Each structure stands twice: as structure tokens, then as C-alpha cells.
J.: 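Have a look at this one before I ask anything.
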Amino acid sequence: MSPITTDPAPLLIGGQLRPASGGREFDVLNPATEDLVGRAADATTEDMDAAIAAARTAFDTTTWSSDHAFRARCLRQLRDALQSHIEELRELTIAEVGAPHMFTAGPQLEGPVADLGWLADLVDAYEWTEDLGESEIMGVKSNRSTRREAIGVVGAITPWNFPNQINMAKIGPALAAGCTVVLKPAPDTPLIAAAVARIAAEETEIPEGVLNIVSSSDHGVGAQLTTDPRVDLVSFTGSTATGKKIMVSAAETLKKVFLELGGKSAAVVLDDADLGTAAFMTALNACTHAGQGCALTTRLLVPREKYDEAIEAAKGAMAGFAPNDPNDPGTFCGPVISAAQRERIEGYIRLAREEGGTIELGGGRPSGDDKDKGFWIEPTLISGLDNSARVAQEEIFGPVLVVIPHDGDADAIRIANDSPYGLSGAVWGTDPERVEKVVAGIRTGTLGVNGGQWYGADVPFGGYKQSGIGREMGREGFEEYLEVKAVATPA
Ligand code: NAD
């Protein structure tokens, strides 16, 4: 095992690690320091064309899609190879993403690497065929069965906030299903993807063309995946605005789209809940990775009579999650990814003031010598607005929590659902019947009750409404990459 070198980060096309045609590269900055982490190959449309061609050829002309045992072996090899480089990957993840060290033990790194093993086990255990028995229709007796087959070439487009998790949650099930893949990572985080490219190419038997990884500073290069007729499925995670564009451009070739999009999730606190714990955990959640998580709870809905108490509790908790060096094992809240992202968050904080809200905590950039460089923003708590405010309706993607009063369980459900999104949420309460009614009433793809954690390889994750179409992870996430063929033979 040699160290992974990702500077400059290569493309992986047709089994070859190579620079972009024309040799262009782009810089990747450390969001905590603004230092250069490395440079990445800046793919052109010709490179993307070659990657799609390689994936198509590998799908159409090899036994990859039918050799289940070989694929399971390759997935385990990829997991083991990534694990053998885990400390290098951790360092890179912290530097490239600004991800707090603590989360690399879970969803930022170690979780998604381990999950490849779960997928390999699923490939081994999966019922690829099902016997539907004999039937007779218009005098013809037939034996019927179904078989599950890989959908074909997958174009995977991913964001920057949890790049290991989201890259693996697409590559893993797609390869497990027998698909071939072209992954286009976010322009902010190409190095992690290139590390996977290098490890897959040099330390696994994954055949050439099966996994292609193409970084580019130009969103348009990724957009080719959405229009090219050789691509069968686009698996996208990112903003709802981009998801809509992808759905429109994929319509021309009627390819399947699988979308994991934004969220504005609510933590609903019932009047019998432990308010202190609920407010603390919601504040922690909102500050996690500087609020750059699609499923984090960013609206705290509390009984009106406990509004002031809830604000004080959340304020006290958030004050304890001041942004800090992501290398520090105690840090929850690191920097945000870029200057542009920080400006976007600051724009929302200005908007909250203009709409009549009160900034209870934060609202600015933290001071200190170690914060002169880097994209830092203070955890910010907003009160005095109702759910119609734009900061309560729109995804901010920063450490910003809005506290909103409710008038009982039904009202809390109404407010939680008064959102274009439906990704996740939390419910806090002690009466199981009341909690169950709220769980049943909230229209989201995941919910945590009284601190329960739903994240896991076997748990489907995704959104209702404008938070997406389809499910990632779990058996459901794997089956997104499969077609179903029904076959009948004379009985
Ligand atoms: P984004 O939508 O700007 O970009 C995501 C990816 O899409 C990037 O790789 C980008 O290069 C690419 N892209 C941009 N325009 C494109 C186009 N027209 N055609 C094809 N590709 C295009 O999102 P982002 O800023 O990178 O990530 C943040 C967003 O992602 C947030 O809205 C967040 O909620 C969402 N997100 C959702 C999930 C989920 O699972 N639901 C997970 C993480 C992040």
C-alpha cells in the first residue's frame, strides 16, 4: 500500500488515471485556512464524453452486470483498500471539506466506507429472481418469473457537504446492482473523489470503465450526464433548484432520475417533552458541520407558553458550539465551505432582521487570530418570526436555527408540514400515543424520536415533496439501480 497522491487529482476514465484533456486544473482551498489543499483535473466536455463511452462499453460488453459474486468481491476490496488509507482520507476530508474530525468517525468517512461491506453482503443474499408460478390467460398456460437487472450506466452528481458519504451512497449500490458509473463530484470537493478513483484503480479488481470519476469546475460538464442518451439513470444529490433543472434536462431522453435534495426540517417539541434536552439536541443538530447537512433540524417548534424558556435553552446550548478548528476532536461546528456560502448565510441573517426577527445569538463572523482566514460564521439563533418568514421556509445551509411557537400537537404538525420540503425531522414528547400521532402526521422521509438516530447502511434515506424522488441507502436505495424484467415460458 503506497500513500494516495491526489495533487494534482486525476480523472479516472476507462481505467486510466489521467489529467484533463488540455491539461487544465483548478484550485481546492481549505475552508478553515484558505490554504491550497491541492489542485484537481478540470475535465472538459471531451473528457466527460470519453467517460460516458467507457461506462457504456463496460456495461454492454463485459460480464460485470451478471457476475454477482465478482461484484461483491470488488466492493469488499474497495472497502478494505479505503480502510487501509483511512487516516490519509480523514486528513484530506478535514482539509478539503472543513469537516469536524469527530464526524469522520461516522457519516463523514468511516460510516460510508464500512457500508460498502453491507452492500457486498446484500449482493450475496439478494433474491435476483422470483418465481410467480403458473397461470393461464386466454387458454395459454405459462410459468412466470421476474428477474432484477442493473439499470445500466449511472451518472452520479454529488455535492460537497458530505462527499465521502454521498459518493459512496451512489457508487456502492450502483456497482452492487451491476451498473457502471460516471461520478461527477462537486467542484469544491474533487480531491476526495480522486482519492477514491486512485484507490479503486490501483488497489481493486474493479474492471476498466466500470467506475469513472470526472472532476470539473464547470457544472456544464456534469450536466452532460443528464442529456446523454448513453446514460440510463441520473443519481443526484444537491439543491432542489439544481434537481429541478436535472429533471427537465433528463426528460428529453426520458432517463430515470433519482434525486436527493434540500430540506428545512422541524424539531417538534410537545408540551410534555423535556424541553431542555430537546432544545439542546436541536441546537447541537443545527450547528453540526456548521449546519451544512440537508437533514439537520433548522426549525425548532415549541409550545407557545414555553417560547421564552426554549429560546434561552437553545441560546445556552448554541453558545457552547462556537465554530472551531475542524482538526480539534471536540469541534462540532467548523467553517462553511466557501466565501460564497458564507455570504449566502449572511444574506439570510440580514433577511431575518428585515422581516422583523430578533437575532438572539450570533449573526456575525467570529473574531480571533485563528479566524482571520477561513470561512467562519457564528451559530445564529432567530426568534420573533412565524413559519411564513423566508428564513423558516428556505434552506440556509448554515448554523442557523429559527424558533417558532406552536399551539398544540395539531398546530405543530401543520407548521412542520408547511414547507416545500419533506426530508427529515424530530419529535420530542413523553406520551407515546401523542408522539405516534405526530410521527404519522409529519410528511418527511426520516424522523428521529426523542433523540433516536435513523442513519445507517440499512436505513432508506430521502425526501417527500420537493426534497426528492427515491431513496438512498438500505435495500430501497440499492433497488433504485435495478430494472425488473418479467419473463413467461409455456407451462
Ligand atoms: P448544488 O445543487 O449547487 O450542486 C450539487 C452538484 O450539482 C454539484 O456537483 C454541481 O457541480 C452540480 N450541478 C450544478 N448545476 C448543475 C446542472 N445544471 N446540471 C448538472 N449538475 C449540476 O448543491 P451544493 O451547493 O453542492 O450542495 C448543497 C445542497 O445539496 C443543499 O441544498 C443540500 O440540502 C443538498 N443536499 C441534499 C442531500 C440529500 O440527500 N437530500 C444531501 C446533501 C446535500
Side-chain angles (χ1 to χ4, degrees), residues 26 31 40 42-43 45 48 97 99 107-108 112 155-170 182-190 192-193 213-228 231 234-251 255 257-265 288-298 336-338 340-345 348 394-398 419-425 444-446 454-455 459-474 477 480:
F26 62 101
D42 198 359
T45 52
M48 182 55 88
V97 189
Q108 273 294 10
I157 303 174
T158 55
W160 42 262
N161 58 330
F162 281 78
N164 291 304
Q165 203 281 325
I166 299 168
N167 291 345
M168 290 306 151
K170 297 194 185 303
V182 180
L183 170 69
K184 207 294 293 172
D188 305 271
T189 51
I192 282 166
I213 299 187
V214 180
S215 56
S216 179
S217 64
D218 176 2
H219 298 315
V221 169
Q224 275 172 256
L225 290 167
T226 67
T227 53
D228 194 303
V231 176
V234 177
S235 178
F236 171 76
T237 298
S239 62
T240 294
T242 305
K244 288 178 184 176
K245 284 188 202 158
I246 285 175
M247 208 167 165
V248 168
S249 44
K255 53 177 101 295
V257 288
F258 164 39
L259 305 173
E260 295 293 352
L261 307 176
K264 190 75 193 179
S265 301
T288 294
H289 188 23
Q292 302 169 111
C294 50
L296 300 175
T297 45
T298 52
V336 296
I337 190 75
S338 62
Q341 185 65 16
R342 179 171 58 186
E343 274 160 31
R344 186 183 134 85
I345 298 164
Y348 273 109
E394 297 176 21
E395 183 177 56
I396 298 175
F397 232 54
S419 169
Y421 297 111
L423 191 55
S424 190
T444 62
T446 49
W454 42 259
Y455 175 79
V459 182
F461 170 70
Y464 287 28
K465 302 194 277 183
Q466 292 189 32
S467 288
I469 299 176
R471 290 292 177 274
E472 195 138 82
M473 302 177 69
E480 295 285 350

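Worth saying up front: this structure is predicted, and the values here are computed from it rather than measured. Indexing begins at 1, ligand by ligand and atom by atom, following the structure's order.
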J.: Below a 4.0 angstrom heavy-atom separation, can you tell me which part of Glu395, side chain or backbone, both or neither, approaches ligand 1?
T.: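 Under 4.0 Å from ligand 1, Glu395 contributes side-chain atoms alone.
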J.: With a 4.0 Å cut-off on heavy atoms, does Phe162 reach ligand 1?
T.: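 Outside the 4.0 Å threshold, so no.
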J.: So, is Trp160 polar-close to ligand 1, with some N/O to N/O distance under 3.5 Å?
T.: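 There is such a contact, yes.
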J.: Could you say whether the N/O atoms of Ser239 and ligand 1 ever approach to under 3.5 Å?
T.: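 It does: an N or O of Ser239 is found under 3.5 Å from an N or O of ligand 1.
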J.: Can you pull out the closest protein heavy atom to atom 7 (O) of ligand 1? Residue, atom name and distance to 0.1 Å, please.
T.: Phe236 CE1, 3.2 Å
J.: Hey, which atoms in ligand 1 end up nearer than 4.0 Å to a heavy atom of Thr237?
T.: 5 (C), 36 (N), 37 (C), 38 (C), 39 (C), 40 (O), 42 (C), 43 (C), 44 (C)
J.: Which protein heavy atom lies closest to atom 19 (N) of ligand 1, and at what distance to 0.1 Å?
T.: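 The answer is Ala223 CB, 3.5 Å.
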J.: Considering only the protein, which heavy-atom contact is closest to atom 41 (N) of ligand 1, and what is its distance?
T.: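 The answer is Leu261 O, 2.5 Å.
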J.: Quick check: closest heavy atoms across Pro163 and Gln108, and the distance to 0.1 Å?
T.: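 Answer, listing the atom of Pro163 first, then Gln108: CD-OE1, 4.0 Å.
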J.: Minimum heavy-atom separation for Val336 to Gln292, with atom names?
T.: CA-OE1, 3.3 Å
J.: Quick check on contacts: which atoms of ligand 1 are under 4.0 angstrom from a heavy atom of Leu423?
T.: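 Checking each atom against Leu423, I get 41 (N).
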J.: Testing the basics here: between Ile345 and Ile396, what is the closest heavy-atom pair and its distance to 0.1 Å?
T.: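 Heavy atoms only, the tightest pair is CG1-O, 4.0 Å.
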J.: How does Ile166 reach ligand 1, by side chain, by backbone, by both or by neither, if only non-hydrogen atoms under 4.0 Å count?
T.: side chain
J.: Would you check if Ser265 and Tyr421 make a side-chain contact, meaning some heavy-atom pair closer than 4.5 Å?
T.: no
J.: Distance under 4.0 Å to a non-hydrogen atom of Asn161: what atoms of ligand 1 satisfy this?
T.: 43 (C), 44 (C)
J.: Give a yes or no on whether the backbone of Thr227 and the side-chain of Ser249 come within a donor-acceptor separation of less than 3.5 Å.
T.: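 No, the answer is negative, given that no donor and acceptor are paired below the 3.5 Å cut-off.
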J.: Measure the distance from atom 27 (O) of ligand 1 to every protein heavy atom, then report the residue, atom name and distance (to 0.1 Å) of the closest one.
T.: Pro159 CB, 3.3 Å
J.: Going by the order shown, which atoms of ligand 1 are within less than 4.0 Å of some heavy atom of Lys184?
T.: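 Here the atoms of ligand 1 in question are 8 (C), 9 (O), 10 (C), 11 (O).
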J.: So, Glu260 side chain and Gly468 main chain: donor-acceptor pair closer than 3.5 Å or not?
T.: no
J.: Which atoms of ligand 1 sit under 4.0 Å from any heavy atom of Ile157?
T.: 6 (C), 7 (O), 9 (O), 12 (C), 20 (C), 21 (N)
J.: Considering only heavy atoms, which of Thr242, Thr158, Leu296 lies nearest to atom 6 (C) of ligand 1?
T.: Thr158
J.: Work out which heavy atom in Ser419 is nearest to a heavy atom in Lys264; give both atom names and the distance.
T.: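 Minimum heavy-atom separation between Ser419 and Lys264: OG-CB, 4.1 Å.
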J.: How far is atom 28 (C) of ligand 1 from its nearest protein heavy atom, and which residue and atom is that?
T.: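 For atom 28 (C) of ligand 1, the nearest protein heavy atom is Phe397 CE2, 3.6 Å.
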J.: Could you tell me the residue and atom name of the protein heavy atom closest to atom 18 (N) of ligand 1, and the distance to it rounded to 0.1 Å?
T.: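 Nearest protein contact, heavy atoms only, for atom 18 (N) of ligand 1 is Lys245 CD, 4.0 Å.
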J.: For atom 35 (C) of ligand 1, which candidate among Ala186, Gly220, Gly238 holds the nearest heavy atom?
T.: Gly238
J.: What do we get for Ser249 next to ligand 1 when only non-hydrogen atoms under 4.0 Å count, side chain, backbone, both or neither?
T.: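 The answer is neither; Ser249 stays 4.0 Å or more away.
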J.: Calculate, to the nearest 0.5 Å, the distance between atoms CZ and CD1 belonging to Phe236 and Ile246 respectively.
T.: 4.0 Å
J.: Are Gly463 and ligand 1 in contact, using a heavy-atom cut-off of under 4.0 Å?
T.: no
J.: Do Lys170 and Phe258 meet the cation-pi criteria used here (NZ or CZ under 6.0 Å from the six-membered ring centre, within 45° of the axis)?
T.: yes
J.: Which heavy atom of Gly463 sits nearest to which heavy atom of Ser467, and what is that distance?
T.: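 Answer, listing the atom of Gly463 first, then Ser467: CA-CB, 3.7 Å.
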J.: Would you call the rings of Phe397 and Trp160 parallel, tilted or perpendicular, taking 30° and 60° as the class edges?
T.: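 Perpendicular, since the angle between the ring planes exceeds 60°.
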J.: Looking only at protein heavy atoms, which one is nearest to atom 10 (C) of ligand 1, and what is the separation?
T.: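 For atom 10 (C) of ligand 1, the nearest protein heavy atom comes out as His219 ND1, 3.3 Å.
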J.: Can you tell me the protein heavy atom closest to atom 36 (N) of ligand 1 and the distance?
T.: Cys294 CB, 3.6 Å
J.: Of all the heavy-atom pairs spanning Gly243 and Leu261, show the shortest one and how long it is.
T.: CA-CD2, 3.9 Å
J.: For atom 23 (O) of ligand 1, is the nearest protein heavy atom closer than 4.0 Å?
T.: yes
